[in-house]
Amino acid sequence: ILDKPDAINLPEITGRVDFENVAFRYKSDTPVLEGINLHVEPGETIAFVGQTGAGKSTIFKLITGELKPENGQVNISLGATIAIATQVMKPENLEKTVEEFFAQLFDKKMYDLPKRIAEVLEIVHLTAPLDKKINKFSGGQQARLLLAYALIQKPDILLLDEPTNNLDTAGIEHLTGFLMAYPKTCLVISHDANFLNAFTDGVLYLDSYTQKMEQYVGDYYNVLGEIEARIERERAKNAQLRKSIQDRKDKVNFFANKGGKMRALASKLKDQIEEAEENMVDERQEDKTINDFTIPSQPEIIVPMVEIRSVGVMINNEPVRKDITPIITVRKKQRLLLKGPNGIGKSTLLQALATGTEEGATIAPDVRVGYYRQDFSGLDFDKTGYQALEEMMVNPWNQEIYATGAQFLLSAQILKNKVGSLSEGQKGLLCYARFVLQKPGLLIMDEPTNHINFRHLPIIAKALDEFEGAIILVSHVPEFVEQIKISQTLDLETL
């Protein structure tokens, strides 16, 4: 008879995550999470979905220990290591070199650090000199560095917050393949439906209306169908109960004044009404979608708004200036699409255009420029949402500011909060609200789908397509670009 293995010597199964009746709220009285229960087994890859502001990033912060629950317990496997790939590079890292960026993870000097960095950059499909500063990388390259930063730690639990933002098609495909083979626990927040559907074992659905979470097994599209079917069943049940309750209330009103047995019947009906109201279920809400909107344009500009004679591009990590023949002009109602792989210089060109520092291009005088930056660094995070909208108006009007915010699901309560405390999706919607109030002549859009719930994207695409001014656009989402009539394309890779 074989001896039983010594349980003390068995390796600890790491990577398990459990939430038991967890509740959390920030400083306001409104709960963000209420009675959250979830169970993730080691090695599972789970997607977090839900409305903007539902608490997905808050869940991650509870897992890492950055936040503590108000009630309930967060239990992580004993000894499990956790790493998170955040959405945006922290400002304090921008002046660091690649080697300095990764070195800060370790308490002591790692003599094999260059080898480790090379291995992890290979995984994220990025070539980067160790002495290159982080601020010299494009948004897409920084996204890969953030992912590599998490992977080099070889965590038992990998947290990915919108990992496809800023990645081109090749980058998304590479990341998808990596996650399909990743052997440890991985939790992913994303609005990219096709990306999520490729590798998920299950879905955790957060409802911002009820502050509840539901856990589903299966791929993303099947789960979405199941959620929508449950919503319809709950609505039908509640509609039936509401009709029954109203019928009983009508009878109570009739019998209550009749006296005798009729009054006793009215009392019995009241008890039935209370029971029916208790049986009403909290309806899950589909993601609220923003309403159709229009971005008013600056009317008085009739000359070409932009002329581009040359551009700077990165070739083999070296800047090279390329002449453009014939010169590109962008007029009212025209849309210029910039193309090229991550790191070639698209974001650098857009920033230079928006700030008026691009030596090879000219923007007509007095053109108001609306600039969507992929990392939202153009927003002042210390201002409130209200102030961020107010500063876009020549003659601020309280009612118009609140009405415009509400159009983008930014309530008066949300606008009282500092921009830095908003979710990334809310920051994105705030940018579009600012454009509505600014009335720009030229929109410069650097990945305008970043952080935005996919349900909003057709409405945003329609607004951009109907915009009367000019647009210069960079986007790695072909389904979005196809909804906008592109006048001309500039591919920086083929110059």
Side-chain angles (χ1 to χ4, degrees), residues 47-53 56-57 86-88 138-144 146 160-173 175-176 188-198 220 287-293 295 335-342 346-347 350-351 354 370-379 407-410 422-436 443-467 471-486 489:
F48 278 79
V49 300
Q51 301 97 334
T52 297
K56 300 183 292 295
S57 295
T86 55
Q87 298 184 40
V88 178
S138 71
Q141 291 173 320
Q142 288 184 18
R144 297 186 199 209
L146 288 168
L160 303 179
D161 196 351
E162 298 286 2
T164 61
N165 279 346
N166 304 321
L167 290 184
D168 55 18
T169 302
I172 293 173
E173 289 175 353
L175 175 58
T176 302
V188 185
I189 297 171
S190 178
H191 287 116
D192 189 330
N194 292 329
F195 170 70
L196 289 176
N197 200 57
Y220 182 69
D287 282 357
K288 247 188 178 179
T289 305
I290 59 176
N291 295 323
D292 285 347
F293 68 96
I295 302 175
R335 286 87 178 91
L336 171 65
L337 176 67
L338 291 184
K339 294 178 64 176
N342 284 147
K346 301 185 301 297
S347 293
L350 291 189
Q351 181 177 353
Y371 180 24
Y372 189 101
R373 299 179 71 130
Q374 56 183 234
D375 60 357
F376 305 130
S377 57
L379 296 172
Q407 196 171 7
F408 292 90
L409 309 182
L410 302 170
L422 302 181
S423 73
E424 298 305 298
Q426 289 170 328
K427 289 173 189 158
L429 294 177
L430 180 68
C431 289
Y432 285 104
R434 280 163 57 92
F435 295 149
V436 169
L443 284 173
I444 295 179
M445 312 296 285
D446 193 0
E447 301 290 0
T449 63
N450 270 8
H451 315 286
I452 302 292
N453 190 307
F454 69 93
R455 296 179 187 273
H456 304 323
L457 296 185
I459 297 162
I460 291 172
K462 180 173 180 287
L464 294 181
D465 188 54
E466 295 175 350
F467 178 59
I471 298 177
I472 300 177
L473 169 69
V474 167
S475 176
H476 288 120
V477 183
E479 298 86 355
F480 180 77
V481 175
E482 286 167 4
Q483 299 174 67
I484 301 170
K485 292 185 285 290
I486 301 299
T489 299

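Positions are given from 1, in the same order as the sequence printed here.
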Across all chains, not counting sequence neighbours, the side chain to side chain contact (heavy atoms under 4.5 Å, CB included) partners of D375 are V88, R373, S377
Hits for side chain to side chain contact (heavy atoms under 4.5 Å, CB included) against L160, two or more places apart or cross-chain, chain-then-number order -> A85, L147, L158, P163, L179, C186, V188
Within this structure, what is the [atom1]-[atom2] distance for the pair [X] and [Y], rounded to the nearest 0.5 Å?
{"X": "I459", "Y": "I290", "atom1": "CD1", "atom2": "CD1", "answer": "5.0 Å"}
{"X": "T164", "Y": "E162", "atom1": "OG1", "atom2": "CD", "answer": "6.5 Å"}
{"X": "L196", "Y": "T176", "atom1": "CG", "atom2": "OG1", "answer": "9.5 Å"}

When L473, L336, D465 are each screened for side chain to side chain contact (heavy atoms under 4.5 Å, CB included) with I486, the one that passes is L473
Shortest non-hydrogen pair, C431 vs F376, comes out as SG-CD2, 3.9 Å
- S57 side chain near I189 side chain, heavy-atom distance below 4.5 Å: yes
Is there a side-chain contact between D161 and T86 in this structure, where contact means two heavy atoms from C-beta onward sitting under 4.5 Å apart?
no
With sequence neighbours left out, the residues meeting ring pair (Phe, Tyr, Trp, His ring centres under 6.0 Å) with F293 are F408
Exercise. In terms of side-chain heavy atoms, does Q141 have a donor or acceptor partner in N342 at a distance below 3.5 Å?
Worked result: no
Residues at least two apart in sequence or cross-chain that pass salt bridge (Lys or Arg N to Asp or Glu O under 4.0 Å) with K427, listed by chain then number, are E424
Sorted by chain and residue number, the salt bridge (Lys or Arg N to Asp or Glu O under 4.0 Å) partners of E466 (sequence neighbours excluded) come out as K462
Kindly say whether F435 contributes a backbone atom to a donor-acceptor pair with the side chain of Y372 at under 3.5 angstrom? no
Spell out, as yes or no, whether a donor-acceptor pair under 3.5 Å connects the side chain of K346 to the backbone of L338. no
Side chain to side chain donor-acceptor pair (under 3.5 Å) pairs touching residues 471-483, sequence neighbours excluded, are E447-H476
